[in-house]
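Owing to the predicted nature of the structure, the values given are computational and were not obtained by experimental measurement. Each chain gets a letter, A, B and so on, in the order the sequences are listed, and its residues count up from 1.
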2 protein chains.
Amino acid sequence: MSRPTLADVAARAGVAISTASRALHRPGRIRAETAARVRAAADELGYVPSAAARQLHRSSAGAVALVVPDLTNPFFMALVRGSTRLLRAHDVVQVVADVEEEPESEEQTLAALAGRVDGMLLAASRLDAATLSTWSRRVPLVAVNHDAGDPEVPTVTIGTQGVEEAVEHLAGLGHRHLAYASGPATSWADARRRTAVVETCARLGVRLTDLGHHPPRRDAGAAAADAVLRSGATAVLTFNDLQAFGVLDRLASRGVQVPEDVSVIGHDDIFGADLTSPALTTVTVPAEELGARAAARLLGAVGLATAAPSAPPAATGPASTGPDRLATHLTVRGSTAPV
Amino acid sequence: MSRPTLADVAARAGVAISTASRALHRPGRIRAETAARVRAAADELGYVPSAAARQLHRSSAGAVALVVPDLTNPFFMALVRGSTRLLRAHDVVQVVADVEEEPESEEQTLAALAGRVDGMLLAASRLDAATLSTWSRRVPLVAVNHDAGDPEVPTVTIGTQGVEEAVEHLAGLGHRHLAYASGPATSWADARRRTAVVETCARLGVRLTDLGHHPPRRDAGAAAADAVLRSGATAVLTFNDLQAFGVLDRLASRGVQVPEDVSVIGHDDIFGADLTSPALTTVTVPAEELGARAAARLLGAVGLATAAPSAPPAATGPASTGPDRLATHLTVRGSTAPV
DNA sequence: TTGAAAGCGCTAACAC
DNA sequence: GTGTTAGCGCTTTCAA
């Protein structure tokens with residue numbers, strides 16, 4: 001048998017359907033005894049209100065979706081945590097979906113989720129700008145760390161201060177030849193980051209080898225490490241920490257000393273960055289705040305922000321206004337050394 | 001203005017609402033030109049079908065929820081990945097919710113999500129057995145690594161082979177006094193794991209100090225480490241790797257050598273376990289398979305399993321039958337040594 | 001205080 | 001091929 005409906009509950013309690021509805025949500029307007037009877041019936045039946053039916057009537061789903069490219073990347077875990085906190089404080093349900101770095105999978109997910117939620121948070125979308133714009137016209141969304149260049153698409157990004165500091169740090173240490181391992185070709189952040197590296201190197205008169213695109217995963221670090229060695233660079237910056245871990249793995253197994261022979265700098269400062277040996281020098285990104293900020297913007301956009309927060313406004317940052325570009329900074333640990 | 005409905009699309013295309021519906025979902029039964037006109041209208045309007053309305057009509061939502069206690073714990077990331085893969089192969093939408101280790105938050109989430117999905121996967125629930133049973137009567141659910149003892153609640157768990165091996169390994173190394181750091185008091189897995197440690201120690205004639213409950217987080221490892229040192233044990237087993245990392249941190253900062261002075265064994269073999277120095281000896285859990293297995297059982301229970309997989313049946317393990325207890329095993333790395 | 005009835009957006013008979 | 005219509009489960013006027 002299918003799940004019990006409000007009609008079943010009403011019948012069992014011997015009241016009208018509307019009375020049952022009120023008894024469950026508006027305890028005041030009903031005789032206490034009736035309300036109790038209804039509640040008992042609902043309980044015995046294991047009644048769960050259908051969110052679909054409720055959503056159909058109201059115009060809002062009371063839920064938003066967060067779409068991330070790879071949930072197994074600790075960076076996104078942190079981001080999720082930030083949005084979760086803010087959303088929970090506003091009594092908005094958050095659903096998270098992992099699209100495993102596949103643009104097609106990302107679009108499928110958008111299609112599947114768009115009709116169930118009031119809005120979506122798209123983290124590090126691998127979609128191109130045009131597709132992103134299109135979806136933005138279909139469903140309220142906030143792009144996180146991906147600027148489609150369309151002013152109609154609300155966006156919150158991170159700055160490139162951190163990577164500039166990284167290059168400066170290396171140059172200050174005497175490095176004259178750096179290498180940059182790119183992330184996915186579909187990553188907006190990677191393009192931006194690479195440009196920052198290129199420009200900073202140019203400004204500082206440091207030679208730069210572009211190592212080409214590598215998947216943003218630990219296992220892709222091996223290829224990047226080999227490329228670094230071939231290039232003759234004395235230091236490498238990777239698109240993200242996962243790649244940096246992989247580089248460290250490979251360098252170690254090839255007997256290359258870090259940081260003595262080659263310096264390594266990652267990006268994101270994810271869980272584990274301080275666990276490696278040597279500990280990883282990396283660009284710290286306020287991932288949690290990024291998630292919270294994006295969530296706040298979305299709530300503002302879909303008009304859910306006014307929902308009285310059930311908890312104090314959360315310490316997760318200002319409301320839906322303010323800068324939409326968060327600063328990053330270099331965190332120096334053990335993986336860099338003078339050349 | 002609110003989002004466009006099918007009626008808007010039909011009006012714009014100059015057709016009946018049902019024609020519009022068919023044109024969008026059943027391309028065959030409609031004149032090509034009409035279908036194209038409808039599709040164009042939908043496109044211009046940025047039409048997105050309301051999942052709620054569709055779900056109301058059909059009896060199924062085509063979605064399931066996965067509830068985890070802490071998404072920032074790499075163990076759960078792996079589990080999520082496993083269920084995601086299997087579910088995607090069956091064209092079932094998966095939504096993930098993080099309840100941040102709070103039982104109340106967990107119940108709120110259940111209540112919020114139960115009406116939107118066809119079933120739920122409850123990973124390492126912190127709810128007590130009775131509450132779990134109650135919810136199980138309300139919505140199809142599969143408990144992962146939490147056995148409520150209610151045969152009505154489908155369950156998939158992991159065995160304790162790994163922790164037994166861990167104790168045996170330590171005993172074999174000559175350790176005569178071990179310590180166990182428990183996880184959350186509300187964790188079913190912890191109770192089970194602790195019992196296994198107690199019994200194996202008894203069997204082997206090894207002394208055991210119970211360090212009491214500690215949150216399953218890295219920062220909780222400091223207290224556990226201090227307790228180990230006070231106990232005089234030569235080796236410690238922790239509830240999970242996060243705690244083990246924290247123990248390693250603390251031991252290092254107190255100048256205690258691992259594994260020379262104290263051996264450390266974690267549990268889960270999460271991301272980063274091989275990154276620490278020394279690399280962590282830990283109990284490997286097939287987290288991905290656990291997620292896939294649970295998802296398969298849920299699909300079977302809610303009758304979604306028959307949905308023709310859009311991808312080959314996935315290499316993520318057998319269908320909805322088979323053992324519902326997965327084996328674990330010890331993975332020896334550098335953090336243990338003879339006493 | 002309670003009941004009857006009108007939709008919310010969509011799909012699926014069932015007509016034409 | 002295409003239009004009409006009856007609900008799906010729920011909330012909410014409007015009456016009683």
Side-chain angles (χ1 to χ4, degrees), chain A residues 1-39 41-42 45-63 111-118 138-139, chain B residues 1-39 41-42 45-63 111-118 138-139:
Chain A
M1 198 200 79
S2 142
R3 275 146 81 163
T5 74
L6 196 49
D8 299 324
V9 174
R12 183 174 243 264
V15 299
I17 232 180
S18 53
T19 303
S21 173
R22 276 183 293 242
L24 262 19
H25 305 293
R26 212 136 319 194
R29 285 230 174 279
I30 237 84
R31 187 148 50 104
E33 194 228 319
T34 312
R37 197 142 38 88
V38 171
R39 218 140 342 119
L45 259 30
Y47 169 72
V48 174
S50 156
R54 175 180 284 147
Q55 172 179 348
L56 194 52
H57 173 84
R58 309 181 165 175
S59 49
S60 140
L113 254 27
R116 321 177 175 266
V117 298
D118 297 321
R138 301 206 236 263
V139 54
Chain B
M1 197 200 81
S2 140
R3 276 147 80 164
T5 75
L6 195 49
D8 299 324
V9 174
R12 183 174 244 262
V15 299
I17 197 173
S18 56
T19 303
S21 173
R22 277 183 293 243
L24 263 17
H25 304 293
R26 211 135 319 196
R29 285 231 175 278
I30 236 85
R31 186 148 52 103
E33 194 229 319
T34 312
R37 196 143 38 87
V38 171
R39 217 136 346 116
L45 259 29
Y47 168 73
V48 174
S50 156
R54 177 181 277 139
Q55 172 178 349
L56 194 52
H57 174 84
R58 308 180 165 178
S59 49
S60 140
L113 253 28
R116 314 177 180 268
V117 298
D118 295 322
R138 301 207 237 262
V139 53

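- Here A:Leu45 contributes atom CG and B:Arg138 contributes atom CZ; the two are 11.5 Å apart, rounded to the nearest 0.5 Å.
- Closest of all the heavy-atom pairs between B:Gly115 and B:Gln55 is O-NE2, 3.7 Å.
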Query raised in the report: Stepwise, does the side chain to side chain contact (heavy atoms under 4.5 Å, CB included) test hold for A:Arg22 with A:Ser18?
Result: CA-CA 6 Å; A:Arg22 276 183 293 242; A:Ser18 53; 3.5 Å; yes
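- Scanning all heavy atoms of the two residues, the minimum distance from B:Ala53 to A:Leu56 falls at CB-CD1, 3.7 Å.
- Using a 4.0 Å heavy-atom criterion, one finds that A:Ser59 contacts no nucleic acid atom at all.
- For DNA chain C, the outermost nucleotides in 5' to 3' order that have an atom under 4.0 Å from a heavy atom of chain B are C:dG9 to C:dA13.
- Put simply, NE2 on A:His25 and CD1 on A:Ile30 are 11.5 Å apart, with the number rounded to the nearest 0.5 Å.
- Between B:Asp118 and B:Ser60 the shortest heavy-atom distance is OD2-OG, 3.0 Å.
- Remark: side-chain polar atoms of B:Arg116 are not paired, donor with acceptor, to backbone N or O of B:Ala63 under 3.5 angstrom.
- Nearest heavy-atom pair, A:Val15 versus A:Ala20, reported as atom, atom and distance to 0.1 Å: CG2-N, 4.1 Å.
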If you restrict it to nitrogen or oxygen atoms, what contacts under 3.5 Å exist between nucleotides 14-16 of chain D and the protein, and what is each distance?
none

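- Annotation: the span from A:Thr19 atom OG1 to A:Arg31 atom CZ amounts to 10.5 Å, rounded to 0.5 Å.
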Heteroatom pairs (N/O) under 3.5 angstrom, protein to nucleotides 7-11 of chain D:
{"unit_1": "D:dG7", "atom_1": "N2", "unit_2": "B:His57", "atom_2": "ND1", "d": "3.4"}
{"unit_1": "D:dC8", "atom_1": "O2", "unit_2": "B:His57", "atom_2": "N", "d": "3.4"}
{"unit_1": "D:dG9", "atom_1": "N2", "unit_2": "A:Ala53", "atom_2": "O", "d": "3.2"}
{"unit_1": "D:dC10", "atom_1": "OP1", "unit_2": "A:Tyr47", "atom_2": "OH", "d": "2.5"}
{"unit_1": "D:dC10", "atom_1": "OP1", "unit_2": "A:Ser50", "atom_2": "N", "d": "3.3"}
{"unit_1": "D:dC10", "atom_1": "OP2", "unit_2": "A:Leu6", "atom_2": "N", "d": "2.3"}
{"unit_1": "D:dT11", "atom_1": "OP1", "unit_2": "A:His25", "atom_2": "NE2", "d": "3.0"}
{"unit_1": "D:dT11", "atom_1": "OP1", "unit_2": "A:Arg54", "atom_2": "NE", "d": "3.1"}
{"unit_1": "D:dT11", "atom_1": "OP1", "unit_2": "A:Arg54", "atom_2": "NH2", "d": "3.1"}
{"unit_1": "D:dT11", "atom_1": "OP2", "unit_2": "A:Ser21", "atom_2": "OG", "d": "2.9"}
{"unit_1": "D:dT11", "atom_1": "O3'", "unit_2": "A:His57", "atom_2": "NE2", "d": "3.4"}

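- Counting heavy atoms from C-beta outward, A:Leu24 and A:Leu6 have side chains that approach closer than 4.5 Å.
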